[in-house]
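Data first, discussion second: the structure below is written as structure tokens.
Computed over heavy atoms, backbone and side chain alike; hydrogens, waters and symmetry mates excluded. Atoms within each ligand, like the ligands themselves, are counted from 1 in listed order.
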Amino acid sequence: MAVVIDGKQVAQSYRLKLKEEVARLKEQRIQPKLTVILIGEDPASQSYVRGKEKAAQEIGMDSDLIRLPAETTESELLHLIERLNVDASVHGILVQLPLPQHIDESKVIFAIAPEKDVDGFHPVSVGKMMIGEPTFLPCTPNGILHLVKEMNVPIAGRHVVVVGRSQIVGKPVGMLFLNESATVTYCHSKTADLAAMTRQADILIVAVGVPKLITADMVKPDAVVIDVGVNRVDGKLVGDVEFETVQEVASMITPVPGGVGPMTITMLLHNTIEAAK
Ligand code: GUN
């Protein structure tokens, strides 16, 4: 039976350290501040944004939420970002994704000053991550890496299989584990034999948004399984992994909720403190 990785607890103890760092910065008259921009009324986005605000407040960080109507134009948003880029009281800028159809997501991400890019989505941040230079790392991938290290799972030389190739999770998480000397395989919707690939994983990371995609027969005995999926099924949050059966095979597994989610927000707070420094 797998050990269930308690992301909430790992996140909580990390946030205690961040709270102390915020207090130290305040002694130097620096008040770390995160500004979040939310466009439209998407319920999932609203819930994520509330979580970010609450977490920031808990560690003594200032957080400002700018809510804009779904009809906001691309140019209005770009102007707002330009203003925040030069506002010295704002250390981190996060534009909640996804954006309404009429706004070009890339343009918006490119507009954020790299030194305030606490999401780690700007091409400068992505490029630095790619070559292993210090930079803002994307929050969910970095949270996963931190969680795996915290559980003392060896990474160098192990086979990490990533299912999913999104810009936010799949692609960067593979890169972070490659930087830690893992052997990395990417799988996605066109992969010919997904089960044959996932069965080779020492560490299996799943981020596609398909409930119960990964079943016990697709997991190598004693593998570490990281479930990044957040799906609502019959009003209940579930991941991409069939938890009940896979926990019989794996050595460790993250639950949904309470696994990767709390780590994502923690890494956002970490990045904002680094930006303030
Ligand atoms: N939407 C879902 N995840 C994220 C994230 O990590 N950052 C932003 N900005 N939007 C998201």
Side-chain angles (χ1 to χ4, degrees), residues 7 11 33-56 61 63-68 70 72 74 77-78 80-81 84-85 90-101 103-114 116-126 129 135-147 162 164-176 205-210 226-232 237 239-240 254 256-257 259-272 274-275:
K33 180 172 169 183
L34 170 68
T35 296
V36 175
I37 303 171
L38 173 62
I39 302 190
E41 308 282 330
D42 177 59
S45 290
Q46 298 212 26
S47 150
Y48 289 141
V49 163
R50 270 197 303 275
K52 288 166 186 171
E53 275 215 293
K54 188 164 162 273
M61 182 182 283
S63 81
D64 190 16
L65 172 60
I66 301 177
R67 285 174 179 274
L68 297 172
T72 303
E74 184 179 280
L77 177 57
L78 292 173
L80 171 60
I81 292 171
L84 295 171
N85 281 344
V90 174
H91 301 106
I93 303 170
L94 182 145
V95 180
Q96 185 66 30
L97 304 177
L99 290 170
Q101 287 275 316
I103 300 179
D104 182 341
E105 223 158 77
S106 295
K107 256 194 199 165
V108 171
I109 290 169
F110 285 30
I112 296 171
K116 298 190 180 187
D117 173 38
V118 288
D119 253 333
F121 293 167
H122 192 282
V124 167
S125 310
V126 176
M129 174 187 68
T135 186
F136 296 117
L137 297 174
C139 301
T140 301
N142 197 27
I144 293 168
L145 180 61
H146 187 84
L147 204 50
V162 181
R165 52 173 160 174
S166 70
Q167 306 290 357
I168 294 183
V169 183
K171 266 193 211 174
V173 81
M175 191 55 58
L176 290 187
I205 302 172
V206 193
V208 282
V210 179
I226 306 293
D227 188 353
V228 195
V230 182
N231 311 292
R232 205 168 276 280
L237 277 191
D240 294 343
T254 58
V256 177
V260 173
M263 293 304 295
T264 296
I265 295 184
T266 305
M267 294 302 137
L268 173 66
L269 301 175
H270 166 88
N271 283 349
T272 306
E274 290 304 308

Discussion item. Is there a side-chain contact between Asp227 and Val260 in this structure, where contact means two heavy atoms from C-beta onward sitting under 4.5 Å apart?
Written reply: no
Discussion item. To the nearest 0.5 Å, what is the distance between NZ on Lys116 and NE2 on His122?
Written reply: 13.5 Å
Discussion item. Do Lys52 and Gln96 have side chains that approach each other closer than 4.5 Å (heavy atoms only, starting at C-beta)?
Written reply: yes
Discussion item. Quiz question: by atom type and distance under 3.5 Å, do the side chains of Ser125 and Asp117 form a donor-acceptor pair?
Written reply: yes
Worksheet entry | Residue pair Val206 / Ile226, side-chain heavy-atom distance below 4.5 Å | no
Worksheet item: How about Ile265 and Met267: do any of their side-chain heavy atoms sit closer than 4.5 Å?
Response: no
Worksheet item: When you look for protein heavy atoms under 4.0 Å from ligand 1, which residues do they belong to?
Response: Leu94, Val95, Gln96, Leu97, Asp119, Phe121
